[in-house]
Amino acid sequence: MTDLLNAHAAHFRKQAEWCEVLGSPFNAALLRALAGNLGDGSVLDGLLLERGTPLRASAADAGPLRVAGALHALTLSGRDKGLAARYPAATQDWAMEQVLPAAYGALETHRDWVAAFLKNTPQTNETRRAIALLPGFARLKGPLHLLEIGASAGLNQHWDAFGYDGGHWTRAGAPGAPVIASEWTGPAPDLPETFEITSRRACDQAPLDVNDPEARLALQAYIWPDQTDRLERVRAAISLAKARGVHVEKADAADWLEAQLLGPLPEGTTVIFHSIAWQYFDAETHKRASAAIKAAGARASDARRLAWLRFENQRVFNKVGDTH
């Protein structure tokens, strides 16, 4: 086995550990099995080594998630019915000794399609993060002007329409909207009956359009196959986003914020928010985005307020020296 394939195998095994910890025994078993066969000259070796693909052997490149996502997409789209019949959606009694040969067969049959799929960066527009932001939104005085960065497909743009279930508290959502459940251990958040939202805008460097069937497929494919509750939730969120005309602008976060925050703030509260996005921005974007937010904050007043609401790992902010 080449050094590059050895490195890939290590990343597949590490991602398998994370899948197990995060509740996906199927993906864990699949990635371990694929790792064990790397270097055997199969179609997967060729896909990983193929010149021109972005699959470097690095954790940041998310090669294992790209491959797992491609296989899941083949089952969800109906492109490979043989593989689909062996996935958790079709049988709870899946067996990896049956899944693995079907997976290699699918990679071989649909090689060109898989190669194209692997060029796209994995995106999981996780709507469950909205419940962590909800108490923050509740503390802000309206009208609210929402600005989301790193928004992916914009599935969290209409967080106020979601249903919420914290165990000992609930909030009803719009008909057909996803219900976000969490084991809430603290006191129930103090939520208004309605949120006064005047505008919603969002950006992403590589936005997914919920009106595009292939984009909808990708959003579902990166949900792990045995996590059916997440799959149901993302499907409901996609339907809501389509119905409400969600649009995410293609832009760099720093460029976009500098443009949005230029000049006087509108009356009410401008809310910059994001969830598990900051870690994917480079140091220059961190610096410029933070500077734009702080400069706008210095111009804020009682009537024209600014809030920065985020659900991120604090160590990401500590690393770049921004703990505000």
Side-chain angles (χ1 to χ4, degrees), residues 124-204 233-234 236-238 240-241 243-249 253 256-257 260-261 265-278 289-290 292-294 296-297 300-314 316-317 322 324:
T124 51
N125 199 170
E126 181 54 70
T127 53
R128 195 162 181 256
R129 297 169 189 159
I131 199 169
L133 296 170
L134 187 64
F137 283 118
R139 295 182 62 184
L140 302 177
K141 183 180 178 182
L144 305 181
H145 308 273
L146 305 181
L147 299 175
E148 184 182 10
I149 58 175
S152 186
L155 299 189
N156 282 320
Q157 279 287 287
H158 287 273
W159 51 267
D160 52 310
F162 296 171
Y164 293 93
D165 183 352
H168 62 285
W169 64 272
T170 60
R171 178 184 176 85
V179 176
I180 314 301
S182 179
E183 296 179 7
W184 195 278
T185 57
D190 184 14
L191 302 175
E193 186 173 337
T194 60
F195 288 89
E196 185 184 3
I197 299 174
T198 298
S199 63
R200 307 169 198 261
R201 296 189 69 178
C203 79
D204 194 278
R233 193 164 60 239
V234 78
I238 289 170
L240 180 69
R244 299 202 173 190
V246 165
H247 172 68
V248 179
E249 300 168 49
W256 191 76
L257 281 177
Q260 300 306 313
L261 299 175
L265 295 169
E267 290 190 11
T269 305
T270 297
V271 189
I272 297 136
F273 75 100
H274 49 91
S275 58
I276 316 301
W278 198 260
S290 295
I293 294 169
K294 290 172 184 176
S301 66
D302 289 343
R304 301 172 185 270
R305 301 171 294 276
L306 182 73
W308 185 3
L309 185 59
R310 61 211 189 193
F311 174 54
E312 304 281 358
N313 192 315
Q314 185 61 45
V316 177
F317 285 89
D322 183 359
H324 300 285

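All heavy atoms count here, side chains included; hydrogens, waters and symmetry mates do not.
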*Asks:* Just wondering, do Leu306 and Ile272 contact through their side chains at under 4.5 Å, heavy atoms?
*Replies:*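 A side-chain contact exists here, since the closest heavy-atom pair is under 4.5 Å.
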
*Asks:* Mind checking side chain to side chain contact (heavy atoms under 4.5 Å, CB included) for Thr194 and listing every partner two or more places apart, or none if nothing turns up?
*Replies:* none

*Asks:* Do the non-hydrogen side-chain atoms of Leu147 and Trp256 ever get within less than 4.5 Å of each other?
*Replies:*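 Yes; the side chains approach each other to less than 4.5 Å.
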
*Asks:* Give me the atom names and distance for the closest heavy-atom approach of Pro135 to Ile131.
*Replies:* CD-O, 3.4 Å

*Asks:* Heavy atoms, side chains only, cut-off 4.5 Å: are Phe195 and Pro143 in contact?
*Replies:* no

*Asks:* Are the side chains of Val271 and Leu140 in touch, meaning some heavy atoms are under 4.5 Å apart?
*Replies:*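 Val271 reaches Leu140 side chain to side chain.
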
*Asks:* Give the intermediate values and the outcome of side chain to side chain contact (heavy atoms under 4.5 Å, CB included) for residues Leu144 and Thr198.
*Replies:* CA-CA 6 Å; Leu144 305 181; Thr198 298; over 6 Å; no

*Asks:* How far apart are the closest heavy atoms of Arg305 and Thr269, and which atoms are they?
*Replies:*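 Arg305 and Thr269 have their closest heavy atoms at NE-OG1, 2.8 Å.
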
*Asks:* Run the side chain to side chain contact (heavy atoms under 4.5 Å, CB included) test on Phe162 and Leu240 for me, step by step, so that the C-alpha distance in whole Å, both residues' side-chain angles and the decisive distance to 0.1 Å come before the verdict.
*Replies:* CA-CA 9 Å; Phe162 296 171; Leu240 180 69; 3.7 Å; yes

*Asks:* Among pairs that include at least one residue of residues 132-148, which meet side chain to side chain donor-acceptor pair (under 3.5 Å), considering only residues two or more places apart or in two chains?
*Replies:* His145-Ser199, Glu148-Gln157

*Asks:* For Asn156 and Ala130, which heavy atoms make the closest approach, and how far apart are they?
*Replies:* OD1-CB, 3.9 Å

*Asks:* Just jot down the side chain to side chain contact (heavy atoms under 4.5 Å, CB included) partners of Ala172, sequence neighbours excluded, or say none.
*Replies:*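 Partners of Ala172 by the side chain to side chain contact (heavy atoms under 4.5 Å, CB included) criterion come out as none, since no residue qualifies.
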
*Asks:* Kindly say whether Ile276 contributes a backbone atom to a donor-acceptor pair with the side chain of Glu312 at under 3.5 angstrom?
*Replies:*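 Yes: the side chain of Glu312 pairs with the backbone of Ile276.
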
*Asks:* What are the two closest heavy atoms between Ala153 and Val248, and how far apart are they?
*Replies:* C-CG2, 3.6 Å

*Asks:* Got a sec, which residues hit side chain to side chain donor-acceptor pair (under 3.5 Å) with Arg201, two or more places apart in sequence or on another chain?
*Replies:*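 Arg201 satisfies side chain to side chain donor-acceptor pair (under 3.5 Å) with Glu249, Gln260 once adjacent residues are dropped.
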
*Asks:* Any chance you could measure Leu257, atom CG, to Trp308, atom CH2, to the nearest 0.5 Å?
*Replies:* 9.0 Å

*Asks:* Mind checking salt bridge (Lys or Arg N to Asp or Glu O under 4.0 Å) for Arg244 and listing every partner two or more places apart, or none if nothing turns up?
*Replies:*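 Listed in chain order: nothing, the list is empty.
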
*Asks:* Taking only residues two or more places apart in sequence or in another chain, which ones pass side chain to side chain contact (heavy atoms under 4.5 Å, CB included) with Ala236?
*Replies:*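 If we apply the side chain to side chain contact (heavy atoms under 4.5 Å, CB included) test to Ala236, skipping adjacent residues, the hits are Pro178.
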
*Asks:* Mind checking what makes side chain to side chain contact (heavy atoms under 4.5 Å, CB included) contact with Ala132, not counting sequence neighbours?
*Replies:* Phe311

*Asks:* Test of understanding: with salt bridge (Lys or Arg N to Asp or Glu O under 4.0 Å), list the residues that count as partners of Arg128, not counting sequence neighbours.
*Replies:* none

*Asks:* For residues Cys203 and Ala253, report the shortest heavy-atom separation together with the two atoms involved.
*Replies:*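 Shortest heavy-atom separation between Cys203 and Ala253 comes out as SG-CA, 4.1 Å.
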
*Asks:* According to side chain to side chain donor-acceptor pair (under 3.5 Å), who are the partners of Thr124, at least two apart in sequence or on a separate chain?
*Replies:*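 So Thr124 forms no side chain to side chain donor-acceptor pair (under 3.5 Å) with any residue.
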
*Asks:* Sorted by first residue and then second, give each ring pair (Phe, Tyr, Trp, His ring centres under 6.0 Å) pair with at least one member in residues 124-144; sequence neighbours left out.
*Replies:* Phe137-Trp159, Phe137-Phe273

*Asks:* Would you find a donor on one side and an acceptor on the other, under 3.5 Å apart, between the side chain of Asn125 and the backbone of Ser152?
*Replies:* no

*Asks:* Which pairs count as side chain to side chain donor-acceptor pair (under 3.5 Å) when at least one residue sits in residues 160-187, sequence neighbours excluded?
*Replies:* Asp160-Arg200

*Asks:* Does Glu196 have any salt bridge (Lys or Arg N to Asp or Glu O under 4.0 Å) partners at least two apart in sequence or in another chain, and if so, which?
*Replies:*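 Not a single residue meets the salt bridge (Lys or Arg N to Asp or Glu O under 4.0 Å) criterion with Glu196.
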
*Asks:* Any idea which heavy atoms bring Leu155 and Ala237 closest together, and the distance?
*Replies:* CD2-O, 3.9 Å

